[in-house]
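Chain letters run A, B, ... following the sequence lines, proteins first, then strands; residues in each count from 1. Values in this document were obtained by computation on a predicted structure and should not be read as measured data.
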Amino acid sequence: MNILVCVKQVVARDSVLRIDPDGKWILDDGLTFEMNEPDTYALEEALRLKEKHGGEVIAVTAGPERSASTVREALAKGADRGIHIEDERFAEADTFATAQALAAAIEKEPHDLILTGLQSDDSGFGQTGVVLAELLGLPHATIIMEIDASGNQLRCKRELEAGWYQNVTLPKPALLTIQSGINKVRYATLMGIKRARRKPFTRYTPDDLGIAVTARQRLQRLYQPQQTQQTEFLQGTSREISEQLVAKLRFEARVL
Amino acid sequence: MSVLVVTEQQDGHWHRMSLEAIAAGQEAARALECPFLVAVMGSNVSELAAEVAAKRVSEVVLLDDPCLEQYTADGFSQALRQAIDQLQPALVLFPHTYQVRDLAPKLAASLGKPFVSDAIGMRVENKRPVFVRQLFQGKLNGDVTMEDEGPHFASVQSGAYRADAVEDGASTAAIRSLDLSIDAAGIRATPQQPFREAKDAVDLGAAEIIVSVGRGIQDPDNIPQAEALARALGGELAASRPICDNGWLPLDRQIGSSGQTVSPNLYLALGISGAIQHVVGMKGAKTIVAVNKDPGAPIFEIADYGIVADLFEIVPALVEILEARE
Ligand SMILES: Cc1cc2nc3c(=O)[nH]c(=O)nc-3n(C[C@H](O)[C@H](O)[C@H](O)COP(=O)(O)OP(=O)(O)OC[C@H]3O[C@@H](n4cnc5c(N)ncnc54)[C@H](O)[C@@H]3O)c2cc1C
């Protein structure tokens, strides 16, 4: 079974974000980047399916130069090949531009299954996988918590709202977007990191793939959200804060 | 030109966010000065269409077909493409449900159009919609516009519009039943009936005080500290999703869109950033206290009392004071 897994590099969690002077994106300098968390689960699921059913796992990203390290991380964890569609504009690209690039690269590879994370922690569009499926003409299912690929058809468990689930079967090839928590992700071993250096790594420019990076939705301005709730911030030492809080909960909010 | 809201129902019952989307649509149609249409989709859902006809809508559009009995991305997008073809709306709005996450990007992409997901607001500038959406897990907001001509597609976030703001109509609106021809062979997915996992359900819905831990707790070995606080307050322990994903607390203690929805008197959030999927499960709490070392954490947008500090310093101090009070 040949599995393509789409990964994105995003700014590390708990980073302090500064907006760039023209108010269109965040300032990159001084930030660290990591693999988008839901994508780590998608990668892990791909590796487990390969271990069970054989075949190849190809990690693919559309991103700026720095995102090569995220593809390398995927290789270090066990992916067999890496594909990087490189262009600085992908850092802020909308879903359509990203999905178009991914589709163009994926079309060149035989595939039985395509996995993506269900959304990214930066733009949070939550739709790259679904748009990619549509561009490739494949069926899809989203927010997946279990995959059974042993039969002719894929059997998967979709998460619904409020603790409900649903099983869905799809013909192969298909695209699934993976929910965090579907598995326990592995860490890269030293051996894995060493091996990754020798694994095939394909680099494309958008030109190589004959695609344009044009946005259909445009972020006009990025800004701090306005406080809507009158939050009362408590200050002092931990002891003072705690005493104030207990008093306020008892006498002001009357919930203790 | 019109605004079309696509509602969601299951077995003849509204998804609770359908009304919020209708409220958004009423506002959008007023701002764009155009007719307002509401689509009701499913099989045998004419009763629901009649309910919507009582609201302030120009027309209710009924997409009723046996192929729409159960949701499939292929079936629903076929039906909606036919509706869009016939109605030519300028703007198509959805509630941002899990089903819409599965459907709307496909529908929009099949028409070569972008889809603005999970908007928290909308305004009109130069006769075109400008959407506000959250980025970076709610830490920043962005204003988003769409480049080309409509139809434009967008979904609205849970809680961004109020269901009780939906206005009734002066008279009953007409219901237009669309002729659909859905190719059943083109439906590739086979969905089964939704189910719940058998579990030893802890019902947090009844708890009056909840102490909830997020990724800020850092290590499963630190959970007992939060537990001690819950005990000192006489409350229950709950968590954000990553804590349950990691198996640090059982799944039935998860609060949020995929877990439980609670409205206790007191909700104390420890090291929780306040992502929308968590917030929808607890924003009904009477009093919300947030402890987070990041002053920019979105949880502070909904907190009554905010403490910008290391939870590992605050929690023991709180426990000590509460225990001394006994
Ligand atoms: C379809 C879908 C469904 C989802 N369903 C749910 C759901 O039901 N429930 C849910 O909770 N999430 C859900 N999520 C996930 C959600 O989007 C967030 O990722 C999640 O809520 C984040 O959890 P967190 O706040 O604990 O972690 P983070 O976002 O990582 O936040 C941790 C916070 O802890 C703070 N912190 C760190 N150390 C300390 C310290 N020492 N002292 C004080 N503060 C500290 C940090 O500043 C940060 O704000 C869902 C996501 C999707 C896409």
Side-chain angles (χ1 to χ4, degrees), chain A residues 11 14 17 19 94-96 99 121-127 130-131 133-135 139-143 159-171 180-181 215-225 227-229 231-234 238-239 241-243 245-246 248-249 253 255-256, chain B residues 73-74 97-98 101-102 105-106 109-110 113-118 130 134-137 139-148 188-192 194-197 241-242 245 257-259 261 265-266 286-287 289 294 298 300-309 313-314 317-318 321-322:
Chain A
V11 57
D14 293 353
L17 304 177
I19 297 167
D94 71 345
T95 308
F96 221 98
D121 287 346
D122 52 3
S123 294
F125 292 123
Q127 40 175 314
V130 179
V131 173
E134 181 64 20
L135 295 178
H140 75 267
T142 51
I143 321 189
E159 180 181 299
L160 304 179
E161 283 150 52
W164 288 80
Y165 298 92
Q166 180 179 41
N167 289 322
V168 184
T169 42
L170 296 170
S180 297
R216 289 167 202 229
Q217 52 181 299
R218 223 171 261 283
L219 187 60
Q220 301 293 356
R221 196 167 71 89
L222 196 61
Y223 50 95
Q224 299 282 346
Q227 194 89 13
T228 44
Q229 166 85 22
T231 304
E232 186 177 345
F233 284 95
L234 307 182
S238 302
R239 175 89 202 174
I241 289 173
S242 303
E243 270 166 356
L245 180 65
V246 171
K248 285 188 184 292
L249 292 178
V255 291
L256 285 191
Chain B
D74 288 327
T97 62
Y98 284 28
R101 297 173 69 110
D102 198 81
K106 172 185 170 71
S110 76
K113 301 291 176 193
F115 163 57
V116 175
S117 48
D118 213 9
V130 179
Q134 297 181 308
L135 289 97
F136 299 98
Q137 300 258 297
K139 282 191 200 162
L140 297 175
N141 281 357
D143 287 353
V144 178
T145 56
M146 287 180 260
E147 288 300 299
D148 52 359
R188 294 166 291 183
T190 318
Q192 258 91 65
F195 63 94
R196 294 200 102 160
E197 217 101 281
R241 177 167 188 133
D245 279 350
S257 63
S258 45
T261 300
N265 281 331
L266 173 61
K286 187 166 162 242
T287 301
V289 179
D294 175 9
F300 289 125
E301 282 164 52
I302 57 156
D304 299 284
Y305 301 108
I307 299 172
V308 180
E313 300 199 345
I314 299 295
L318 272 174
I321 291 165
L322 289 164

Could you tell me whether a side-chain N or O of A/E161 sits under 3.5 Å from a main-chain N or O of B/Y98, the two making a donor and an acceptor? yes
Under 4.5 Å from a heavy atom of chain B, the part of A/T169 involved: both
Using a cut-off of under 4.5 Å on heavy-atom pairs, state which of A/N167, A/V130, A/V168, A/L245 scores highest against chain B. A/N167
Side-chain contact test, heavy atoms from C-beta onward, threshold under 4.5 Å: evaluate it for B/I314 versus A/S242 and give yes or no. yes
Chain A contacts, top residue of B/L135, B/D102, B/D245, B/L318 (heavy-atom pairs, under 4.5 Å): B/D102
Side chain, backbone, both or neither: which part of B/S110 has an atom under 4.5 Å from a heavy atom of chain A? both
Under 4.5 Å between any side-chain heavy atoms of A/R239 and B/I321, yes or no? yes
To the nearest 0.5 Å, what is the distance between CD1 (B/I302) and OG1 (A/T231)? 9.0 Å
With a 4.5 angstrom heavy-atom cut-off, could you sort out which part of B/K286 is near chain A: side chain, backbone, both or neither? side chain
Any side-chain heavy atom of B/E301 within less than 4.5 Å of one from A/P225? yes
Which atoms of A/L234 approach chain B - backbone, side chain, both or neither, heavy atom under 4.5 Å: both
Note: vs chain B, highest number of non-hydrogen pairs under 4.5 angstrom among A/A133, A/A99, A/S238 is A/S238
Using a 4.5 Å cut-off on heavy atoms from C-beta on, say whether the side chain of B/K106 contacts that of A/H140. yes
Quick check: closest heavy atoms across A/F125 and B/S117, and the distance to 0.1 Å? O-OG, 2.7 Å
Comparing B/A189, B/A309, B/S258 against chain A, the one with the most heavy-atom pairs below 4.5 Å turns out to be B/S258
A/R221 side, atom CZ; B/L140 side, atom CG - distance, nearest 0.5 Å: 11.5 Å
Between B/V308, B/V130, B/T145, B/L266, which has the largest tally of heavy atom pairs under 4.5 Å with chain A? B/T145
Using the rule given for side chain to side chain contact (heavy atoms under 4.5 Å, CB included), can you reason through B/Y305 versus A/L249, listing the C-alpha separation, both sets of side-chain angles and the distance that settles it, and then say yes or no? CA-CA 9 Å; B/Y305 301 108; A/L249 292 178; 4.1 Å; yes
Honestly, the part of A/L219 sitting under 4.5 Å from a heavy atom of chain B is both
Under a 4.5 Å cutoff for heavy-atom pairs, which residue among B/A73, B/A317, B/P298 has the most contacts with chain A? B/A317
Chain B contact via A/L135 - which portion, at a heavy-atom distance below 4.5 Å: neither
Taking side chain as everything from C-beta outward and backbone as N, CA, C, O, which of these in A/L222 sits under 4.5 Å from a heavy atom of chain B? Side chain, backbone, both or neither. both
Could you look at A/F96 and say if it's the side chain, the backbone, both or neither that has a heavy atom under 4.5 Å from chain B? side chain
Show the numbers, then the answer: is there a salt bridge (charged side-chain N to carboxylate O under 4.0 Å, His left out) between A/E159 and B/R241? CA-CA 13 Å; A/E159 180 181 299; B/R241 177 167 188 133; 2.9 Å; yes
Salt-bridge criterion met for A/R216 and B/E147 (N-O under 4.0 Å): no
Between atom CZ of B/F115 and atom CG of A/D94, what is the distance when rounded to the nearest 0.5 Å? 13.0 Å
Need one label for B/D294: side chain, backbone, both or neither, based on atoms under 4.5 Å from any heavy atom in chain A. neither
Whatever's closer than 4.5 Å to a heavy atom in chain A on B/T261 counts as neither
Applying a strict 4.5 Å limit to non-hydrogen atoms, the region of A/Q166 in contact with chain B is both
With heavy-atom distances below 4.5 Å as the criterion, would you say the side chains of A/Y165 and B/R196 are in contact? no
Relative to chain A, which segment of B/V289 carries a heavy atom at a distance below 4.5 Å: side chain, backbone, both, or neither? side chain
Check: A/F233 ring centroid to B/F300 ring centroid under 6.0 Å: yes
Under 4.5 Å from any heavy atom of chain B, what part of A/I143 do you find: side chain, backbone, both or neither? side chain
